[in-house]
Amino acid sequence: MEPRLLDDWQGLDLDGLLRYVREVVEDADYPTVRRWRASGGKVVGHFQVYFPEEIAMAAGLLPVKIHGAPIEPRQGDAHFGSYLCSIVKTSLELALSGRLELDMFVSHPICDTARNLAAVWGRNVGYPCEVLYLPQNANSSHSARYLRGEYERLQRGLEAIAGREVSEADLVRAIGVYNENRELLRRLYAIKRTSPWLLGVDEAYVLVALGGRIFREEHNELLRAVIPMIERREATPQDRMRLVLEGGFCEQPPLDLLTTIAQSSYVVDDDLLVGMRFLTDDVPLEGAALDNLAESYLERSTYTPVQHDLRKPKERMLLDRIRSAGAGAAVLCAAKMCEPGLDEQVPYVKALEEEGIPYFVTEFEESMTSFESLQIQLETFIENVLFAEA
Amino acid sequence: MTTSTPPPPAATSQTGEHPLIGRGNREGNQLFKDWYGRLDAAAERGEKAAYVFVMGNAIELLESFDLPIVHSEINALQTAVRHVSDSYIAQAEDHGYGTDVCGYVKADYGLQLRGGEHPMGRIPKPAIAVYTGACNTYIKWAEIWERMYGIPIVTLDVPGPRAAGVLPGRGNRDFENDLAYVRGQLGELIERLEELTGRRFDVDRLREVMGHANEMTRDWVRVLELNRSHPAVYNAVTDGTVYLGVVNGFRGRPEGARYFRELVEELEHKAANGIGTPFEEQHRLAFVGVPCYPIYRRFSEMFTQHGGIFVGSSYTWFASGGWSTGFEYDLDHPVESLAEGLLVVARASMDAMFHTDRILADLAEPFAIDGIVYHAIKSCRTVSAGLADSRRAVMEQADVGTLLIDSDHMDPRVVSEAQMKNRVDAFFEGLETRKLLARSAS
């Protein structure tokens, strides 16, 4: 078992535990990472959306998911031009301000801004910064073999940081831990779909996000404890609209925005931090581990606006998500200045209109602090839909 | 480096100017008109085209199947140069594309809604789109065509640079992994093109096209190098954009190879005779980014009126698709070499955008640069996201004047000309002061 990085939470009741998890997730000083580093541990930070954390864990490194922060990008701003999304600025701020100390940083070519991030980051810190080039042609029969090679390259870099080699057994053990984590996250999302009154979108969010800051064994331990508590929660179902929230694949809406949405509706599915749930099934434990990870990325995975797979048209996938969650409407949100998110809104709207599914379109920024206007607009939208159905 | 033909005797025309001078721009513009004329004729005949982008496109292969080729970025920027981009963009915004979406994408969306109506002629509809991920928006853009026309879209995924200064070559296992991936995809594309056109792949035709491309590449590298001359023999932003048009539109065609052969002749003549641009050169500048097309002429004048001449430009690196690397195909192994070329040049394109601080090393000393102008544009985060940081890095490394301005290359609403001019004027005052101080110190 990897070391525990959380405070002792075992005695807390559900509300107390959710409060504690939220505090950890909102703490831009990354106390769990500090604790790990204080014990001599090394850390690899990876930017949105997907990263094969199993390889980092197998090397004995703590993989930390970097997805911006609710902080003022005082230094980060000066390193980026205008017209860019907030998440790259606050993410870099974490490093430049010393809040988040890393031994390696990895970004991905998910969008035109993020693919510059490793270069910018690398010019300003003393540790290795690189791009993990996940395949953008998922439809080629050569993609899996290529990705396996790319994972081998990544593994060599991680081994250099860790100062030790990764064995096949290390990888298989890590995959097992992550398979359990994926299963537990699926159970969490099943509660949202079947009994959304038991678990608000903001509560589910912090429980998922916590996994990006601690080892997944500890995350599994916490989820194994908290899921039965949620299932036993005393809460009365209310006559609220069931929504799917789409647009949180990279920059994250502020938690208060999620709380605002949760006050007037049930979010029964979403793509918040979807990278942590990107693989939709267990990664096989038999056979070569890196092959299995590569194949799972291509063949057993969900969708986002920044992964390109002709077998998974995004609008059809969204409709599937809405139907399988039994949702009656969709909230389409895009982060300001997010080209892929904004591009995708047009076909999403068209598909929803063709299917007669009500939708609400909005933009957000992680730094926004006022939600009254959004709340009024959303409530009006919901009332209109309910009146139309009556 | 290419072998150069000796400059011809400095004969002059009746107007007192050597007939070679200005030929590159005149013929480049004519080639461009001819190119659009061919596309217009193809559209009239109802032929469909292969849609591509400038960074990584395998047009040699498409050309070997005799497909008309449409460069969608060039179509889009031409609407800006001709001051009509706003109406195309507005049409896309009416259909839901937000103000923060790339102006190229929106102008093209408007173009498609108009049935290909373009200021330079009618643009054929697509039969297929082939693109790399050198710019992520290429992929989102192609998805629009897929939805609009139901055409096949093919991502030729070319892995980019993983880190600054890490560009491995043959024999390196990571390079070989990338190359096998690109080669495999290329084979799949060939099969797709055979299905689409009903024609067998003709390796000899490909070899012929690649031979023309090699000739052009040799001369393109020579053109870039010739601007080390004092004075510079062309303006890398204005004249350079004409040359870029030919690099992209005519790679693999005999007229493209001929054009660059003759351009080298012209520029070598100018270099040998100390002939510069029409403006008196007082400051030698490097340009990083994409020109401001909505005010293209006035943008250039902001610099030339101060004697600022762009002797080098990162645009000529990445927007030439990376051919400034000088990669030449091995005609004995055309398909293998096409894959390697695609990997090497598309990766170089990306490197020229993400690691623009290398412009200092590549240009500053050999081209005797006085100042660097960074032009960040709202539309293109690929090019612009790292410019502010890159500039900081350059300023820490060298004593060179720099200017960072931002606007857009498509959307006139984002261009604040007066504000831009104030900043450019101040930049030149700074350059003058630097030179005065340097002179007094020496």
Side-chain angles (χ1 to χ4, degrees), chain A residues 78-85 88 109-120 122-124 128-133 135-143 145-150 152-153 305-306 308 310 313-315 334 336-340 342-347 349-350 361 363, chain B residues 95-98 100-102 105 132-133 135-137 139-141 143-144 146-147 153-157 159-164 166 173-174 176-178 180-181 183-185 187-188 350 353-355 357 374 376-390 392-393 404 406 414:
Chain A
H79 292 265
F80 289 103
S82 315
Y83 312 127
L84 297 177
C85 55
V88 292
I110 57 166
C111 73
D112 300 330
T113 305
R115 61 194 321 185
N116 274 281
L117 189 56
V120 172
R123 283 193 286 263
N124 292 282
C129 297
E130 67 167 57
V131 174
L132 174 68
Y133 209 99
Q136 305 212 54
N137 183 1
N139 305 110
S140 168
S141 61
H142 301 270
S143 299
R145 182 179 297 178
Y146 158 75
L147 183 55
R148 186 229 154 85
E150 182 66 353
E152 283 176 353
R153 188 188 64 77
V306 295
H308 309 285
L310 298 171
K314 266 76 82 178
E315 56 271 48
K336 286 186 190 301
M337 306 292 175
C338 171
E339 175 91 34
L342 291 167
D343 285 339
E344 219 55 65
Q345 286 201 334
V346 178
V349 163
K350 183 167 182 285
V361 178
E363 281 189 23
Chain B
H95 279 243
Y97 287 97
D100 297 332
V101 168
C102 170
V105 173
T132 64
C135 160
N136 284 63
T137 302
I139 304 175
K140 308 303 292 180
W141 194 342
E143 287 175 351
I144 293 174
E146 185 195 26
R147 288 170 175 130
I153 61 172
V154 181
T155 308
L156 266 176
D157 188 13
R162 304 319 201 280
V166 181
R173 61 177 151 177
D174 297 326
E176 294 297 336
N177 187 52
D178 290 355
Y181 180 39
R183 191 170 50 223
Q185 294 175 88
E188 291 169 341
M350 293 183 248
M353 295 184 291
F354 307 147
H355 303 117
D357 40 329
Y374 296 84
I377 49 173
K378 178 182 179 183
S379 276
C380 185
R381 280 104 182 171
T382 310
V383 172
S384 306
L387 291 193
D389 185 70
S390 172
R392 288 172 65 107
L404 174 65
D406 54 24
V414 189

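All chains are named by letter (A, B, ...) in the order of the sequence lines, taking the proteins before the strands, and each is independently numbered beginning at 1.
With chain A as partner, the option from B/Glu176, B/Glu146, B/Arg173 having the largest number of non-hydrogen pairs under 4.5 angstrom is B/Arg173. Interface remark: of the candidates B/Leu387, B/Thr382, B/Thr155, B/Val154, B/Thr382 forms the most heavy-atom pairs closer than 4.5 Å to chain A. Interface remark: of the candidates B/Met350, B/Glu143, B/Met353, B/Glu143 forms the most heavy-atom pairs closer than 4.5 Å to chain A. Chain A forms more heavy-atom pairs under 4.5 Å with one residue of B/Pro159, B/Ala163, B/Gly187 than with any other, namely B/Pro159. No other option in B/Val166, B/Asp178, B/Val105 has as many heavy-atom pairs under 4.5 Å with chain A as B/Asp178.
Under the 3.5 Å distance criterion, the side-chain polar atoms of A/Glu339 are matched with a main-chain donor or acceptor of B/Cys102.
For a residue to count as touching a neighbouring chain, one of its non-hydrogen atoms must lie under 4.5 Å from one of that chain's; by this rule A/Arg145 touches chain B with the backbone only. For a residue to count as touching a neighbouring chain, one of its non-hydrogen atoms must lie under 4.5 Å from one of that chain's; by this rule A/Leu132 does not touch chain B. Residue A/Pro313: no heavy atom, backbone or side chain, is found under 4.5 Å from chain B. Heavy atoms closer than 4.5 Å to chain B are found in both the backbone and the side chain of A/Ala78. Contact of A/Glu152 with chain B is not made at all, since no heavy-atom distance falls under 4.5 Å. Residue A/Glu130 touches chain B through both its backbone and its side chain, counting heavy-atom pairs closer than 4.5 Å. When heavy atoms are compared at a cutoff of 4.5 Å, A/Val346 approaches chain B solely by way of its side chain, counted from C-beta outward.
Checked against ring-ring contact (aromatic ring centres under 6.0 Å, His included), A/Tyr83 has no partners two or more places apart in sequence or in another chain. Not counting sequence neighbours, A/Tyr133 has no partner by the ring-ring contact (aromatic ring centres under 6.0 Å, His included) test.
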